[in-house]
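Notes follow the structure.
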Amino acid sequence: MHRLICVLIVQLCCVSCAPSFRATTLPRHALGPKGPEGFIHGVASGDPQHDRVILWTRYTPRDTRRSVTVSWVISRAPDLSAPEASGRLTTTEARDFTVKVDATGLKAGTRYYYRFWTESFLSPLGRTQTLPTGHVERLRIAFVSCSNVAWGYFHAYAELAERDDLDFVLHLGDYIYEHADGVYGNGSEIGRTPVPNKELISLRDYRLRYAQYRADHASQAVHAAYPLIATWDDHEFANNAWVGGAQNHSPASEGDWAARRRSAVQAYYEWLPIRSNGNLERPRIYRAFQVGDLARLLVLDTRIAGRDRQVGRDDPALRAPWRTILGIAQEAWLRTELREAAASSRWQLIGQQVLFSRLSRADGTPLLTDSWGGYPAVRRRLLELVAREQLQGLIVLTGDFHRSVAIEVPDETRAKQDQAASLAVEFVAPGISSPGHLDPEKAQEDERWLRGHNPHVKWIEQLQQGYGILELTHERARAQWHLFSDVRSPDRPPMTRPAKVFEVRHGEHLLREVTAQKPADGGP
Ligand SMILES: [Fe+2]
């Protein structure tokens, strides 16, 4: 091992002595399956805990019939001297030559650097960090969703990679999209045609799509810079998925849903730096992350764990108590976790896919039935728990909507006229590249209508893509949205300024807009 480290250090000096997390020299367009040999999909880390973190890479071999042995090392020093842990493992075609290591025995709240290598190739350098324990003054994270290669460039990823002030990146789903080009986004117009250019059905399809997304230079940069905490939404499977099918799945022409779902899960587990339960039939990705005494993050799976089929807004079954978006086991887990988080942590964060707060039409029916609005009984049960346990710091972080939104979550346990009181706040991420509205006039009209019927929506922006930053201290939480005027060009435009900032003081559940400015420490 010692000799290998020496060889590695020599190689490091040849390749790059200074860690860089900016855009790599990889081309912006997709690399096909016949790309060059080596670590061409970069490195990633994820699911940090106080003593461990998942490290990820993929080795692209010339000969896919042979196995490949990959070594790894993690160290607190950027030059990887004094390794904290190291090892070696073999990967094969059976796992698409991906490599995943759970690096354990690490120190809490510590920044680390890592690399992989084979006899002939050296991976890029990755940076990651563990979660802290004990008293924690501040947490700053990015929350993102809906990265669609055909809709545009991942400028949000590129900008996040250049920051040096985040603890981790939270991806709330739609990490890939399943469509052929032209179905949802015209990638061919901007040199980003989906690979393969067909709807994803088989394991090979899903693997190739992940390989394309991970060939993107901005994606590689953000993964090399920060640990990722990810959960899937529908497009990692098919549009409007639920446990037994999807709106965009036709058994007659596309085969068995369970087989497609299994393929999607396997490719996700292979390509995402996530700790997996190894069960393709019953995957479990709902899980918790403790950030000292400051916060506990509960990451949900509102898609595959147990969601019942969506019904129309006028369907009498909509409000049935047995209809679930979580499944029985996940709801029980979440209830226990919320109680424990209320006792142990100043803030209780829920990271999940679809809009949580009630959004209604004029007649009181839900605006969206693929979100929690389509499963009101589960939401009401959870809000009853939040009210009874007097949770003082619940924040819901949401993806899917392709809009930036700040919402006070109405207290639905009270009579309608008393629901001005709120029990939590919800912050919604814009798409990384998936668009909200394309027509500014229509967006304005929609906003007037939406806020007229839903006064708890304090702000909504529907035209731009980007990312959100959440910063927590013991006194307050602050969310800021960083938006780009254009994601169709490879050239990153200057960020729209001033970015919108909303603040909630602990225990108040009320949103205040604060003047956006760039603090001396660079964030949030
Ligand atoms: Fe999406």
Side-chain angles (χ1 to χ4, degrees), residues 142-157 160 169-187 192 194 199-200 206 209-210 212-213 216 218-219 222 228-242 246-249 261 264 267-268 271-272 285 299-304 307 310 325 351-357 359 367-374 396-405 407 426-438 443 446 460-468 481 483-484 487-488:
F143 59 102
V144 301
S145 69
C146 300
S147 29
N148 182 327
V149 78
W151 267 113
Y153 288 85
F154 299 156
H155 296 323
Y157 284 161
L160 286 171
V169 174
L170 177 64
H171 199 298
L172 297 162
D174 293 355
Y175 184 93
I176 61 164
Y177 280 72
E178 82 277 20
H179 310 102
D181 199 31
V183 177
Y184 186 59
N186 291 308
R192 287 166 77 85
E199 184 159 320
L200 310 180
Y206 284 101
R209 188 64 58 86
Y210 280 105
Q212 177 189 26
Y213 276 61
D216 177 272
S219 174
V222 77
L228 181 79
I229 295 178
T231 186
W232 54 45
D233 194 13
D234 50 343
H235 291 290
E236 287 87 345
F237 299 84
N239 187 49
N240 285 7
W242 57 287
Q247 173 271 329
N248 188 27
H249 179 77
R261 194 184 67 195
Y268 189 87
W271 280 85
L272 271 288
I285 63 164
V299 176
L300 305 186
D301 172 4
T302 61
R303 282 292 167 194
I304 297 302
R307 176 195 276 250
Q310 299 85 345
I325 193 170
Q352 56 93 48
Q353 296 77 9
V354 288
L355 208 71
F356 180 78
S357 303
L359 286 191
L367 184 66
L368 307 164
T369 54
D370 183 55
S371 67
W372 288 77
V396 184
L397 298 170
T398 298
D400 176 61
F401 201 31
H402 306 179
R403 289 155 175 82
S404 304
V405 198
I407 312 175
E426 179 172 15
F427 298 131
V428 184
I432 292 269
S433 58
S434 289
H437 260 300
L438 299 173
D446 269 15
I460 179 165
E461 202 292 329
Q462 310 191 76
L463 296 170
Q464 297 194 332
Q465 293 97 327
Y467 63 92
W481 285 262
L483 302 173
F484 300 99
V487 294
R488 296 290 286 172

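All values below come from the heavy atoms of this structure, side chains included, with hydrogens, waters and symmetry mates left out. Just follow the structure's listing: the first ligand is 1, and inside any ligand the first atom is 1.
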Would you check if the distance from the ring center of Tyr175 to the ring center of Trp232 is below 6.0 Å? no

Check for a donor-acceptor pair, side chain of [X] on one end and backbone N or O of [Y] on the other, with a separation under 3.5 Å.
X	Y	result
Glu461	Ser404	no
Tyr206	Phe237	yes
Arg307	Asp370	yes
Asp174	Cys146	no

Near the Fe ion (ligand 1), which protein N/O/S atoms fall under 2.8 Å?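 Within the sphere that stays under 2.8 Å of the Fe ion (ligand 1), the protein atoms of type N, O or S are Cys146 SG, Asp174 OD2, Tyr177 OH, His402 NE2.
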
Taking the six-membered ring for Trp, are Tyr153 and His155 parallel (under 30°), tilted (30 to 60°) or perpendicular (over 60°)? parallel

